[in-house]
Amino acid sequence: MAKFDPVLSRNWNVPDAHTLKVYESRGGYQAARKALTTMDPDAVVNLVKDSELRGRGGAGFPCGLKWTFLPKDRKETLMCVNGDESEPATFNNRYLLELDPHMFLEGILISCFATRASTAYAYLRFEYIKGAKILEEAIAEARAAGHLGKNIYGTGFNLDVWVHRGAGAYICGEETGLIESLEGKRGWPRIKPPFPAIEGAFRKPTVVNNVETLCCVPHIVERGAAWFKSIGTPKSYGPKLYTVSGHVEKQVCVELPLGVTCRELIDEHAGGVWKGRKAKAAVPGGISMGLLSADELDTPLDFESLRKPGCLGLGTAAVTVIDDHTPIIDYLVNTARFFAHESCGQCTPCREGTGWMNKTIHRIKNGGGRVEDLDVMLHLANNLGIIPGTTICGLADGAAWPIKNALAKFRPELEEYIRTHQTPGAGPTPLQLDIAAGRRVDLVQLAPAIAAAAPPAAALHSPGRPSA
Ligand SMILES: Cc1cc2nc3c(=O)[nH]c(=O)nc-3n(C[C@H](O)[C@H](O)[C@H](O)COP(=O)(O)O)c2cc1C
Ligand code: SF4
């Protein structure tokens with residue numbers, strides 16, 4: 001690989017790099033000055049479009065192209081920066097926020113100038129208390145120094161940045177769930193269209209971009225689109241922050257050109273698989289993306305290559321390693337529990353499907369599985385999500401992918417587990433068997449059983465609450 005100079009993480013080992021003084025001493029805000037004082041907004045949009053920067057938040061949508069979807073005659077634009085970062089094992093936004101908040105602010109400033117947004121909301125994951133505090137301090141410093149506020153660099157451009165902390169829901173990372181949450185409502189994703197560029201936060205044209213996406217922008221302004229496109233693979237450009245966790249010796253967040261392989265990340269950056277063991281599998285980019293088997297670890301982690309081994313995509317580029325002592329059913333137990341818990345419940349296939357999958361996987365884990373359960377789960381997984389067109393958002397696809405990949409790559413192991421862990425009494429109930437087999441369930445016949453199982457009416461009232 002040609003020599004690669006990190007840019008996103010270049011200040012991470014510099015003492016006090018989170019302060020304005022140190023950031024400016026290392027060339028900080030020069031790209032913003034260049035953009036605001038020598039370029040017009042459309043030129044910045046075109047530059048980002050030419051760089052073919054693709055969103056780092058999961059979907060990989062081209063950033064500059066998204067900015068061109070804003071209505072030409074808009075009166076106001078809002079920017080929502082997605083720092084919800086709730087995909088399990090993903091922590092690259094956290095590093096950017098805590099270690100280089102001014103680079104993040106410079107990215108916001110240039111991107112807001114390009115899209116003519118004079119208000120930006122940085123929506124942060126609830127748990128990022130330290131990151132929120134550091135960012136608030138950086139905003140105050142930047143405002144006092146004239147990088148934010150009114151008439152920035154004497155150009156007449158105004159920008160306010162507000163930090164908004166989420167309340168701890170994965171679904172608020174989905175861009176329209178985020179917007180609903182920002183508006184003070186329950187984080188329920190919206191049906192699209194309209195997309196946020198047309199009607200977003202407070203019904204105004206809104207740009208939603210990930211933290212890392214915007215952190216790339218100052219470097220593109222400083223070094224040009226050709227520089228950006230010289231890094232990476234023939235179709236996936238630029239530097240990327242990869243996180244590696246799970247069964248490795250050292251958990252890391254490392255900046256590399258797009259297209260590095262899982263094997264290189266594990267062996268050269270994370271100290272290898274822990275305890276001298278071998279990898280059985282790896283999650284390539286957050287659990288929504290599915291699973292690579294051990295013989296697929298040389299797949300480049302970029303926007304195109306992961307489709308070949310059947311993964312959903314690059315996602316958040318968060319690699320989680322699973323060692324060869326770990327049963328795949330344990331991986332499925334964790335993923336299914338997560339998605340069943342985080343489904344917002346609006347769409348029946350997602351709400352019910354994630355719940356069924358969770359219950360079935362737990363039953364298998366506890367010794368009550370049947371080999372036929374695997375086909376029922378596959379049928380479910382193939383029919384829920386935005387790709388088969390049955391749900392509002394992609395959470396359901398993310399719930400389906402680990403199951404599809406595990407069944408495609410580890411079915412013999414799962415069947416063996418079911419056969420060797422049968423426990424009397426742990427199997428499905430007759431009603432569950434009827435539903436799984438598609439047999440008609442006669443509710444009239446079942447009524448006495450349901451009534452017998454129901455708690456007495458008095459138990460439905462909490463102490464202190466008057467009963468009717
Ligand atoms: C269930 C779900 C959760 C998501 N969580 C995040 C998240 O935490 N951070 C993020 O940037 N994007 C997340 N996304 C993707 C966003 O909807 C959106 O595509 C992204 O923020 C756009 O920014 P980008 O184009 O810069 O990547 C999520 C999507 C889904 C379906
Ligand atoms: S797919 Fe799931 S998480 Fe997304 S809107 Fe529907 S129910 Fe909610």
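Keep in mind that this is a model prediction, so the values were computed, not measured. Residue numbers count from 1 along this sequence. Note that ligands are numbered from 1 as they come in the structure, with each ligand's atoms numbered from 1 the same way.
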Next item on the list: Any chance you could lay out the side chain to side chain contact (heavy atoms under 4.5 Å, CB included) test for Leu395 and Ile386, step after step, and finish with the verdict?
Entry: CA-CA 8 Å; Leu395 180 141; Ile386 210 164; over 6 Å; no

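Here His341 and Tyr170 keep their ring centres 6.0 angstrom or further from each other. In summary, the aromatic rings of Phe113 and Phe157 are positioned with their centroids under 6.0 Å apart.
Protein residues having a heavy atom under 4.0 Å from any atom of ligand 2 are Ile171, Pro189, Ser343, Cys344, Gly345, Gln346, Cys347, Cys350, Thr391, Ile392, Cys393, Leu395, listed by chain and number.
Atom 22 (C) of ligand 1 has its closest protein heavy atom at Lys66 NZ, 3.4 Å. At the top of the distance list for atom 27 (O) of ligand 1, counting protein heavy atoms only, stands Gly57 N, 2.7 Å. Summary of contacts: the protein heavy atom closest to atom 23 (O) of ligand 1 is Asn210 N, 3.2 Å. Distance from atom 20 (C) of ligand 1 to its nearest protein heavy atom, with residue and atom name: Asn82 ND2, 4.1 Å.
Evaluation of the salt bridge (Lys or Arg N to Asp or Glu O under 4.0 Å) rule for Asp330 yields Lys365 as partners, not counting sequence neighbours. Residues satisfying the side chain to side chain contact (heavy atoms under 4.5 Å, CB included) test with Asp160, not counting sequence neighbours, are Arg143, Trp162. By the ring pair (Phe, Tyr, Trp, His ring centres under 6.0 Å) test, Tyr23 pairs with Tyr29, His102, sequence neighbours left out.
The backbone and the side chain of Glu174 each have at least one atom closer than 4.0 Å to an atom of ligand 1 (non-hydrogen atoms only). Of all the heavy atoms of Thr213, the ones lying under 4.0 Å from any atom of ligand 1 belong exclusively to the side chain.
With 3.5 Å as the limit, one finds a donor-acceptor pair spanning the side chains of Ser293 and Glu296. With hydrogens and angles left out, the side-chain atoms of Tyr153 and His147 include a donor and acceptor closer than 3.5 Å. Donor-acceptor pairing under 3.5 Å is recorded for the side chains of Asn358 and His362. A donor atom on one side chain and an acceptor atom on the other are found under 3.5 Å apart for Asn11 and Asp100.
Short contacts between ligand 1 and Asn209, defined as distances under 4.0 Å to a heavy atom of the residue, involve ligand atoms 23 (O), 24 (P), 25 (O), 26 (O). Interface of Gly394 with ligand 1, defined as ligand atoms under 4.0 Å from a residue heavy atom, comprises 31 (C). The distance from ligand 1 to the heavy atoms of Asp84 drops below 4.0 Å at these ligand atoms: 8 (O). Atoms of ligand 1 lying under 4.0 Å from at least one heavy atom of Glu85, given by number and element, are 7 (C), 8 (O). Using a 4.0 Å cut-off to heavy atoms of Glu175, the atoms of ligand 1 that qualify are 16 (C), 17 (O), 18 (C). When each atom of ligand 1 is checked for a heavy atom of Gly55 under 4.0 Å away, the hits are 24 (P), 25 (O), 26 (O), 27 (O).
Considering Asn209, Thr115, Asp42, Asn46 in turn, Asn209 is the only one that fulfils the side chain to side chain donor-acceptor pair (under 3.5 Å) rule with Trp67.
Counting only non-hydrogen atoms, the option in Gly173, Ala59, Pro196 that gets closest to atom 16 (C) of ligand 1 is Gly173.
Heavy-atom distances between Glu87 and ligand 1 stay at or above 4.0 Å for every pair. Ligand 1 lies less than 4.0 angstrom from a heavy atom belonging to Ser86. Contact between Arg54 and ligand 1 is absent, with no heavy atom of the residue lying under 4.0 Å from the ligand.
A salt bridge links Glu212 to Lys240: one of the charged nitrogens lies within less than 4.0 Å of a carboxylate oxygen. Using a cut-off of 4.0 Å between Lys/Arg side-chain N and Asp/Glu carboxylate O, Glu180 and Arg190 are scored as salt-bridged.
No side-chain heavy atom of Val283 sits under 4.5 Å from any side-chain heavy atom of Val319.
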